Number of protein chains: 2
Amino acid sequence: MTTPQDRQDRQDRQDRQDGHDPRRPGGSPARTERQRARRRRILDAATRLASAGGFDAVQMREVAETSGVALGTLYRYFPSKIHLLVAVLHDQLEQLRANLRDRPLPEPDPAARLAHTLRRAFRAHQRDPRLAEAMMRALLFADRSAREEVRGVFRLTTAILLDASNLAGEEIPGRLSTVRVIQHTWHAALVSWLSGQITLEQAQADIETVCRLLTVPAPPD
Amino acid sequence: MTTPQDRQDRQDRQDRQDGHDPRRPGGSPARTERQRARRRRILDAATRLASAGGFDAVQMREVAETSGVALGTLYRYFPSKIHLLVAVLHDQLEQLRANLRDRPLPEPDPAARLAHTLRRAFRAHQRDPRLAEAMMRALLFADRSAREEVRGVFRLTTAILLDASNLAGEEIPGRLSTVRVIQHTWHAALVSWLSGQITLEQAQADIETVCRLLTVPAPPD
DNA sequence: TTTCCAAGTAGAACAAGTTCTGATATGGGT
DNA sequence: ACCCATATCAGAACTTGTTCTACTTGGAAA
């Protein structure tokens, strides 16, 4: 029997994790070089496991063992499996952004450029569907306790999308809702495809469809 | 250590559940009256628990106990917590649809009617945010093993949205991608709000935004 | 250098989803 | 009324995410 008190305790614990757990070296950037290296090893191990077997194959004990770190330490760096996988996603997005940064797209139309970028990202995930599945399910399953980490992913994705569409500066504020919708659609299309709900063609059609939103005037906001 | 064989086994098990597990009375509609009643009791218990404490509070042992059913039986009816909560969602949608059926909306414009319906549904979830959280997280977290159940929810939602927009019949085929995008946005906006990523205003803005898609011509498909 | 504390380690313990076992009950066909 | 397949039951067992405990270590401050 779960009592209301139990639930209150759980909530307290989450609230405490909400901000920065002062005990977590991940909170403020790693003080020492070995800490940076540990964090890197953990992310790499998680990525490798996810890539090989998807969400279920990323088992905390195995991540710890593979990256040569005690289980308690793993949890000090990433307070849950969800946090860990969201961090993996953030890591991958940073690499993607670096890749995209120095190659401007040929298309003249913002919507077309955006669609192009998203298609490219989709293909990357097609190549490693299990990794994509692990990251996306973690992102969508995340609750309030991972709010900040999820927000970080959203910020980064938004930046990538704005880079790609390359809208004029003053247009951007009114477009934020549109960008969120595109981002949501992107995630949803990806998971729906990964979990066998829709075909590849449907997923790509949905992405094209939502990119049309850029062709309708921005809402007043 | 998780061996490749373990993962293969897990995959096999999922594949078997993919279609209809012949042992599951939920597969074909309940043979006996008591089975229908059991299923009903389980759904009600799960709904009540979810409503009180969200996803985490729906604990299988407690659902079983509350609904007066053995744990094994619960798993015979719903092969996982995810299946159970997706079934709860399906159940709620059926009720929503019945509620909506006999009250045509005043707005002349399809996009406006759709936005109106979604706003109403959003308010319903605002009233019971924990239930919404439980159902939505289950829906988005579902993997291939719950494919059919998730598909059922998508079909039902699509039917509700098409009812609401009341598009002319011949327009519909070309609109399916649009409806999917709207649905995805609807889900994503809801979870994002529930998990504290965006404000209520942003969620509603996103829904309005995506409804504009109806005002742009249907893609060739 | 010595001291001290946060960070790390090994491993047990706990929690909740899921599976398994062996016994019992139920309902449809003979 | 009897038989059998199948449904249900109570409860143990197993899995994996998470927490806890007791001990050790690295490195900065006195």
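Quantities reported herein were computed from a predicted structural model and do not represent experimental measurements. Chain letters run A, B, ... following the sequence lines, proteins first and then strands; every chain starts at 1.
Under the side chain to side chain contact (heavy atoms under 4.5 Å, CB included) criterion, B:Ala203 pairs with B:Phe122, B:Ala189, B:Trp193, B:Ile198, sequence neighbours left out. Taking the side chain to side chain contact (heavy atoms under 4.5 Å, CB included) definition, one finds that B:Arg101 meets it with B:Arg97, sequence neighbours left out. The ring-ring contact (aromatic ring centres under 6.0 Å, His included) test applied to B:His187 returns B:Phe154, not counting sequence neighbours. Not counting sequence neighbours, the partners of A:Arg61 by the side chain to side chain contact (heavy atoms under 4.5 Å, CB included) test are A:Leu71. Residues that satisfy the side chain to side chain contact (heavy atoms under 4.5 Å, CB included) test with B:Gln95, not counting sequence neighbours, are B:Asp91, B:Gln92. With sequence neighbours excluded, no residue forms a salt bridge (charged side-chain N to carboxylate O under 4.0 Å, His left out) with A:Arg113. With sequence neighbours excluded, no residue forms a salt bridge (charged side-chain N to carboxylate O under 4.0 Å, His left out) with B:Arg48.
Across all strands shown, A:Val63 has no heavy atoms under 4.0 Å from either base or sugar-phosphate atoms.
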Could you go over nucleotides 9-11 of chain C and give all protein N or O partners under 3.5 Å, atom names and distances?
unit_1: C:dT9; atom_1: OP2; unit_2: A:Ala70; atom_2: N; d: 2.9
unit_1: C:dT9; atom_1: OP2; unit_2: A:Thr73; atom_2: OG1; d: 2.7

What are the atom names and distances for every N/O pair under 3.5 Å that joins the protein to nucleotides 22-30 of chain C?
unit_1: C:dG27; atom_1: OP1; unit_2: B:Arg34; atom_2: NH1; d: 3.4

For nucleotides 28-30 of chain D, print each protein N/O atom paired with a nucleotide N/O atom at under 3.5 Å, atom names and distance only.
none

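Computed from C1' positions of five pairs at each end, the angle between the two local axes of the helix from C:dT1-D:dA30 to C:dT30-D:dA1 equals 10°, rounded to 10 degrees.
Considering only side-chain N and O atoms, B:Tyr77 lies under 4.0 angstrom from the phosphate OP1 or OP2 of D:dT8. Neither OP1 nor OP2 of D:dC20 sits under 4.0 Å from any side-chain N or O of A:Tyr75.
Close placement of the A:Phe141 and B:Phe55 rings is indicated, their centers lying within 6.0 Å of each other.
A salt bridge links B:Arg151 with B:Glu148: the distance from a Lys NZ or Arg NE/NH1/NH2 to an Asp or Glu carboxylate oxygen falls below 4.0 Å. A salt bridge is absent between B:Glu208 and B:Arg212; no separation between the charged side-chain nitrogens and carboxylate oxygens falls under 4.0 Å.
Remark: side-chain polar atoms of B:Glu62 are not paired, donor with acceptor, to backbone N or O of B:Gln59 under 3.5 angstrom.
Applying the salt bridge (charged side-chain N to carboxylate O under 4.0 Å, His left out) rule to pairs touching residues 193-207 of chain A yields A:Asp206-B:Arg180, sequence neighbours excluded.
Across D:dT18, C:dG17, C:dG8, the shortest atom-to-atom separation from the side chain of A:Gln35 is found for C:dG8.
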